[in-house]
Amino acid sequence: MPKINSMRILSLFLLLAIISCKTKSTDKVEGSSGDTTKVVPYAYTFMDTTLVSLGPKDFYAVTKVKPNMPIIDVRSEKQYKAGHIWRAVNMDMSDKNFYERIASFGRDQDYAVYCQTGEVSLQVAEAMKKLGFLRIYHLQQGLVHWSDTGQALQLN
């Protein structure tokens, strides 16, 4: 198991306390010559005090620092069984009672949410924010880039 760099964790929490911005990869940035370039790193890079969207390495670090934080995989049961993040529980977003189940959770604790590409889990995280959850950590681009952490997926 890789050792978590304490400076990386400290930096992450400092960023959580200080930064509040939103950038999408489709946003255009104009260069000095008038050309436009795309912001590349991940589909979403934003942090606020409630919804924190993180790349795979920082998401992994947060799940290790918070071992009792629930991790919710919102993919189908078939996708979940094919491979999921260790400790994650499956809650299929296509289930008709999905949002009722989410709304029944305690709002006074942190949650981590992910899907295959990060798009569906971002919708879920935003809905959780509207419901008044304390803090939701969202995995940018989902499991597509999970291998960036050097971690394997858990199989059922």
Side-chain angles (χ1 to χ4, degrees), residues 1-25 39-95 98-99 101-156:
M1 180 177 297
K3 185 175 180 179
I4 300 174
N5 183 332
S6 61
M7 283 304 288
R8 183 179 184 91
I9 293 169
L10 179 61
S11 297
L12 172 67
F13 286 107
L14 287 174
L15 284 172
L16 293 175
I18 298 170
I19 298 176
S20 178
C21 66
K22 184 174 181 179
T23 306
K24 290 187 179 182
S25 62
V39 177
V40 180
Y42 290 100
Y44 300 92
T45 305
F46 64 90
M47 295 183 213
D48 63 30
T49 57
T50 304
L51 175 54
V52 183
S53 191
L54 302 170
K57 290 181 181 179
D58 291 331
F59 188 87
Y60 172 76
V62 168
T63 62
K64 291 303 169 198
V65 170
K66 299 175 176 265
N68 296 321
M69 176 178 62
I71 304 170
I72 304 169
D73 181 326
V74 298
R75 301 174 304 150
S76 70
E77 183 178 359
K78 182 179 178 181
Q79 289 174 310
Y80 176 83
K81 287 183 177 182
H84 57 273
I85 294 174
W86 181 72
R87 292 194 307 113
V89 293
N90 183 229
M91 290 186 59
D92 187 343
M93 199 265 192
S94 64
D95 182 347
F98 177 79
Y99 283 106
R101 290 177 62 199
I102 291 288
S104 71
F105 291 173
R107 289 170 173 77
D108 59 344
Q109 67 175 347
D110 297 352
Y111 292 87
V113 182
Y114 73 91
C115 66
Q116 190 66 30
T117 64
E119 294 176 23
V120 172
S121 56
L122 181 59
Q123 293 172 4
V124 170
E126 288 173 341
M128 292 173 76
K129 179 179 177 177
K130 288 178 183 174
L131 288 170
F133 283 82
L134 178 67
R135 181 159 299 129
I136 309 106
Y137 295 98
H138 167 257
L139 177 58
Q140 294 175 358
Q141 294 188 343
L143 291 182
V144 171
H145 289 282
W146 183 248
S147 63
D148 293 352
T149 64
Q151 299 299 307
L153 294 175
Q154 179 85 24
L155 300 174
N156 271 11

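We number each residue from 1, following the sequence as shown.
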Worked verdict on Tyr99 versus Val124 for side-chain contact (heavy atoms from CB on, under 4.5 Å)
CA-CA 9 Å; Tyr99 283 106; Val124 170; 4.0 Å; yes
Inter-residue atom distance Met69.CE - Lys64.NZ, 0.5 Å rounding:
10.0 Å
Is there a side-chain contact (heavy atoms from CB on, under 4.5 Å) between Asp95 and Arg101? Walk through the geometry before answering.
CA-CA 10 Å; Asp95 182 347; Arg101 290 177 62 199; 3.9 Å; yes
Could you tell me whether the side chain of Tyr114 and the main chain of Ile85 form a donor-acceptor pair under 3.5 Å?
yes
How many angstroms lie between OH in Tyr137 and NZ in Lys66, if you round to the nearest 0.5 Å?
4.0 Å
Minimum heavy-atom separation for Pro56 and Thr149, please, with both atom names.
O-CG2, 3.1 Å
dist Trp146:CH2 -> His84:NE2 (nearest 0.5 Å) comes out at 11.5 Å
If I compare all heavy atoms of Ile102 with all of Met128, which pair ends up nearest, and what's the gap?
CG2-CG, 3.6 Å
Within the side chain of Asn90, is there an N or O that forms a donor-acceptor pair under 3.5 Å with the backbone of Arg75?
yes
How far does CD of Gln151 sit from NZ of Lys57, to the nearest 0.5 angstrom?
11.0 Å
Which heavy atom of Phe105 sits nearest a heavy atom of Met91, and at what distance?
CZ-SD, 3.3 Å
To the closest 0.5 Å, what do you measure between CG (Asp73) and CG (Leu139)?
10.0 Å
Just by distance, do the side chain of Tyr80 and the backbone of Ala88 share a donor-acceptor pair under 3.5 Å?
yes
Is Arg87 reaching over with its side chain to a backbone N or O of Ile71, donor-acceptor style, under 3.5 angstrom?
no
Looking only at heavy atoms, which two atoms of Ser121 and Val113 are closest? And how far apart?
CB-CG1, 3.6 Å
Between Pro70 and Gln109 the two heavy atoms that sit nearest each other are CG-NE2, 3.7 Å
Please determine whether a side-chain nitrogen of the Lys or Arg among Glu126 and Lys130 lies less than 4.0 Å from a carboxylate oxygen of the Asp or Glu.
no
What's the separation between atom CG in Leu134 and atom OG1 in Thr50, rounded to the nearest 0.5 Å?
7.5 Å
What heavy-atom pair brings His138 and Gly118 nearest, and what distance separates the two atoms?
NE2-O, 2.8 Å
